[in-house]
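Have a look at the structure below, then the notes.
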Amino acid sequence: MTSRIALVSTLGILLISCSEKKEPREDHIWKTLEVTATAFNSVPSQTDGNPTIAAWGDTLKPGMKSIAVSRDLIGLGLKHNTMVRIDTFPDIYLVKDKMHWRWRKRIDIYMGLDQKLARQWGKQKVMIQYAVKNDSIPPEDDTQ
């Protein structure tokens, strides 16, 4: 009985620590930005290479909460594995992919293999919030 309790306690701690990795800590702030959002799938017709491998080498699997970002957003802090909230979705998404250079101020929401769902989503303006570490934000200049 004692080993069963220890196992349940250990599993509980593991689940809590896994879930905490997706939630921002106090060393993050949330920035807000309006972007155009489209959707993409893991299918050969929508990629230049292997449809399950993202630009930073992550393997995409249906059910993942993942987005691709236009390259101009990377400079704003939406780097690999940045946590992102999309105003129309309850979950936190992670930046796992980059879009073609031609796109600006745009995200692409990963919708697994469900091409019908991606087409239904279409193209929409959304508000996003993304977590940026406090130490990566330059201090404001107080001398002016």
Side-chain angles (χ1 to χ4, degrees), residues 1-140:
M1 187 64 143
T2 305
S3 62
R4 180 177 278 168
I5 293 170
L7 178 61
V8 170
S9 296
T10 303
L11 287 174
I13 291 168
L14 286 173
L15 287 173
I16 290 168
S17 19
C18 289
S19 65
E20 286 176 357
K21 290 180 183 178
K22 281 191 156 185
E23 289 299 322
R25 297 180 311 265
E26 291 176 11
D27 59 343
H28 286 81
I29 65 164
W30 287 96
K31 291 189 162 195
T32 303
L33 182 67
E34 183 180 55
V35 296
T36 300
T38 52
F40 76 104
N41 307 105
S42 296
V43 294
S45 63
Q46 295 182 26
T47 63
D48 292 331
N50 183 332
T52 62
I53 304 297
W56 279 293
D58 296 287
T59 300
L60 298 175
K61 297 176 185 169
M64 288 179 73
K65 303 299 181 191
S66 172
I67 64 170
V69 296
S70 57
R71 292 168 190 248
D72 60 321
L73 298 181
I74 296 169
L76 296 178
L78 284 138
K79 303 173 199 171
H80 182 238
N81 284 328
T82 297
M83 294 177 287
V84 178
R85 292 179 177 145
I86 304 168
D87 66 0
T88 53
F89 294 96
D91 299 313
I92 291 179
Y93 285 71
L94 296 178
V95 175
K96 293 290 185 182
D97 207 355
K98 316 178 222 190
M99 299 171 76
H100 190 276
W101 289 98
R102 72 177 170 261
W103 301 118
R104 297 281 177 263
K105 212 169 175 188
R106 193 171 188 138
I107 66 169
D108 219 357
I109 303 166
Y110 179 60
M111 296 195 175
L113 299 172
D114 195 339
Q115 294 181 62
K116 182 178 178 184
L117 180 63
R119 278 191 294 276
Q120 285 174 344
W121 172 262
K123 180 170 110 174
Q124 301 180 32
K125 290 277 186 185
V126 297
M127 294 300 290
I128 63 169
Q129 291 184 318
Y130 59 100
V132 179
K133 283 190 175 184
N134 275 330
D135 65 349
S136 67
I137 300 168
E140 292 186 23

Heavy-atom side-chain proximity of [X] to [Y] below 4.5 angstrom:
X: Thr82; Y: Leu94; value: no
X: Ile74; Y: Val69; value: yes
X: Leu33; Y: Lys31; value: no
X: Lys123; Y: Thr36; value: yes
X: Gln129; Y: Val84; value: no
X: Tyr130; Y: Leu76; value: yes
X: Lys105; Y: Asp72; value: yes

Donor-acceptor contact present, side-chain [X] to main-chain [Y], <3.5 Å:
X: Ser42; Y: Leu113; value: no
X: Asp108; Y: Ala68; value: no
X: Asp87; Y: Val126; value: no

Spacing of [atom1] belonging to [X] relative to [atom2] belonging to [Y], to within rounding of 0.5 Å:
X: Arg71; Y: Arg102; atom1: CZ; atom2: CZ; result: 11.0 Å
X: Ile92; Y: Ile86; atom1: CD1; atom2: CD1; result: 11.0 Å
X: Leu78; Y: Lys98; atom1: CG; atom2: NZ; result: 13.5 Å
X: Thr32; Y: Glu34; atom1: OG1; atom2: CD; result: 11.5 Å
X: Thr38; Y: Gln124; atom1: OG1; atom2: CD; result: 10.0 Å

Of all the heavy-atom pairs spanning [X] and [Y], show the shortest one and how long it is.
X: His28; Y: Ala131; answer: CD2-CB, 3.7 Å
X: Lys96; Y: Ser66; answer: CB-OG, 3.1 Å
X: Leu73; Y: Arg106; answer: CD1-O, 3.4 Å
X: Met64; Y: Tyr110; answer: O-CD2, 3.8 Å

Distance-only polar pair, side chains of Gln115 and Asn41, donor-acceptor under 3.5 Å: no
Show me the pairs that pass ring-ring contact (aromatic ring centres under 6.0 Å, His included) and involve residues 61-89, at least two apart or across chains. Trp56-His80, Phe89-Tyr93, Phe89-Trp121
Looking at Ile107, Leu60, Ile109, which hits side chain to side chain contact (heavy atoms under 4.5 Å, CB included) with Phe40? Leu60
